[in-house]
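A note on names: the letters A, B, ... follow the listed sequences, proteins ahead of strands, and every chain is numbered from 1. As a basis for the values below, the full set of heavy atoms in this structure was taken, side chains included, without hydrogen atoms, waters or symmetry mates. Not measured: the values here are computed from a predicted model.
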Amino acid sequence: MTRLARKFYLREDVTEVSRELLGKVLCSQLDGKITKAIITETEAYAGIGDRASHAYGGRRTARTDPMYRRGGTAYVYLCYGMHHLFNVVVGDVDMPLAILVRAAKPLEGTDIMRRRRGQPGAARIGLAGPGVLSQALGITTDLTGASLLEDRVWIEDHRIAVDSQEVSVGPRIGVDYAGKDAHLPYRFSIAIDSVSIR
DNA sequence: CGAATGATATACT
DNA sequence: GTATATCATTCGA
């Protein structure tokens with residue numbers, strides 16, 4: 001298992017990278033606690049031409065600034081006043097491409113995740129939904145702008161096989177405001193049970 | 001189905 | 001500086 005290198009993130013084909021993130025392992029080390037989860041669902045946000053993107057039309061503010069940095073940066077923001085959504089920034093400097101991680105399967109530190117979620121008893125199999133995922137991994141807006149090549153949050157390749165046949169493609173969730181771009185096939189997922197360690 | 005909940009962007013004075 | 005609408009969601013009824 002190896003940590004994804006800068007090269008992985010510098011590509012500008014954001015849908016291709018979104019597909020490749022499936023089966024990769026999102027890791028965090030916060031408060032001295034390590035948690036890891038296998039990514040099972042992603043959504044691509046294709047930069048200044050994408051009405052659904054926060055960077056649409058080249059908009060750049062204090063919040064969206066991390067998206068304009070080099071690929072391999074984290075972009076985390078608060079949504080609906082209570083959910084921290086985690087994104088992976090892709091492409092080179094001034095290419096505001098990002099990938100929202102929507103769901104994952106706990107791999108390591110599942111007890112810590114349960115405790116963070118405040119559900120001591122109920123062991124949920126999956127982390128379905130970007131807010132829940134961030135909460136389980138302890139990701140907050142403190143991490144926006146953090147490098148994925150450092151030791152707070154990063155992504156590893158555990159050589160989990162994902163056949164292109166088992167990837168489902170569909171429209172993104174919760175972006176009805178984006179008009180025609182709301183229907184773009186930018187959401188990628190794999191069945192949570194299909195992931196297996198090779 | 002609908003409330004919760006607060007940072008952020010935008011449009012004002 | 002102040003006001004207000006909005007949101008890449010979640011959970012429980």
Nearest-neighbour nucleotide for the Ile173(A) side chain, dA7(B), dA8(C), dT9(C) considered: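 So the nucleotide nearest the side chain must be dT9(C).
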
Nearest-0.5 Å distance that lies between atom CZ in Arg117(A) and atom CG in Leu137(A):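 Nearest 0.5 Å value for the CZ-CG distance: 11.0 Å.
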
Send over the distance from [X] [atom1] to [N] [atom2], rounded to a whole Å.
{"X": "Glu41(A)", "N": "dT9(C)", "atom1": "CD", "atom2": "P", "answer": "11 Å"}
{"X": "Asn87(A)", "N": "dC7(C)", "atom1": "CG", "atom2": "C1'", "answer": "14 Å"}
{"X": "Ile139(A)", "N": "dT9(C)", "atom1": "CD1", "atom2": "P", "answer": "16 Å"}

Sequence neighbours excluded, which residues qualify as side-chain contact (heavy atoms from CB on, under 4.5 Å) partners of [X]?
{"X": "Met82(A)", "value": "none"}
{"X": "Ala182(A)", "value": "Val175(A), Ala178(A)"}
{"X": "Gln29(A)", "value": "Ile34(A), Asp151(A), Trp154(A)"}

What pairs with [X] under side chain to side chain donor-acceptor pair (under 3.5 Å), at least two apart in sequence or on another chain?
{"X": "Arg69(A)", "value": "Asp65(A)"}
{"X": "Arg11(A)", "value": "Glu16(A), Glu20(A)"}
{"X": "Thr110(A)", "value": "none"}

Residue-phosphate contact under 4.0 Å: Tyr177(A) side-chain N/O, dC7(C) OP1/OP2: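 No, no such contact exists.
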
Contact under 4.0 Å: Arg187(A) side-chain N or O vs dA8(C) OP1/OP2: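 Answer is no, no contact under 4.0 Å.
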
Of all pairs that satisfy side-chain hydrogen bond (donor to acceptor under 3.5 Å, both in side chains), the ones with a partner from residues 79-97 of chain A, not counting sequence neighbours: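 As it turns out, the side-chain hydrogen bond (donor to acceptor under 3.5 Å, both in side chains) pairs with a partner in residues 79-97 of chain A, which skip direct neighbours, are Arg60(A)-Asp94(A).
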
All pairs passing side-chain hydrogen bond (donor to acceptor under 3.5 Å, both in side chains) where residues 170-187 of chain A contributes a residue, at least two apart: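 The answer is Glu41(A)-Arg187(A), Asp50(A)-Arg172(A).
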
Residues from residues 43-66 of chain A lying under 4.0 Å of DNA chain C - heavy atoms: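 Going residue by residue through residues 43-66 of chain A, the ones with a heavy atom under 4.0 Å of DNA chain C turn out to be Tyr45(A), Ala52(A), His54(A).
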
Residues forming a ring pair (Phe, Tyr, Trp, His ring centres under 6.0 Å) with Tyr68(A), sequence neighbours excluded: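 Tyr68(A) satisfies ring pair (Phe, Tyr, Trp, His ring centres under 6.0 Å) with no other residue.
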
Heavy atoms from other residues, nucleotides or ligands near CD1 of Ile48(A) exceed 12 (cutoff 6.0 Å):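 Atom CD1 in Ile48(A) is not packed in, count stays at 12 or less.
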
Consecutive-pair stems (3 or more, Watson-Crick or G-U, under 3.5 Å) for DNA chain C: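 Stems found: B:1-4 with C:9-12, B:6-12 with C:1-7.
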
Touch class at under 4.0 angstrom, heavy-atom based, for Leu85(A) against every strand present: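 Sugar-phosphate, backbone atoms only, no base.
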
Just the table, please: protein N/O against nucleotides 1-5 of chain B N/O, every pair under 3.5 Å.
unit_1	atom_1	unit_2	atom_2	d
dT5(B)	O2	Tyr80(A)	O	2.5

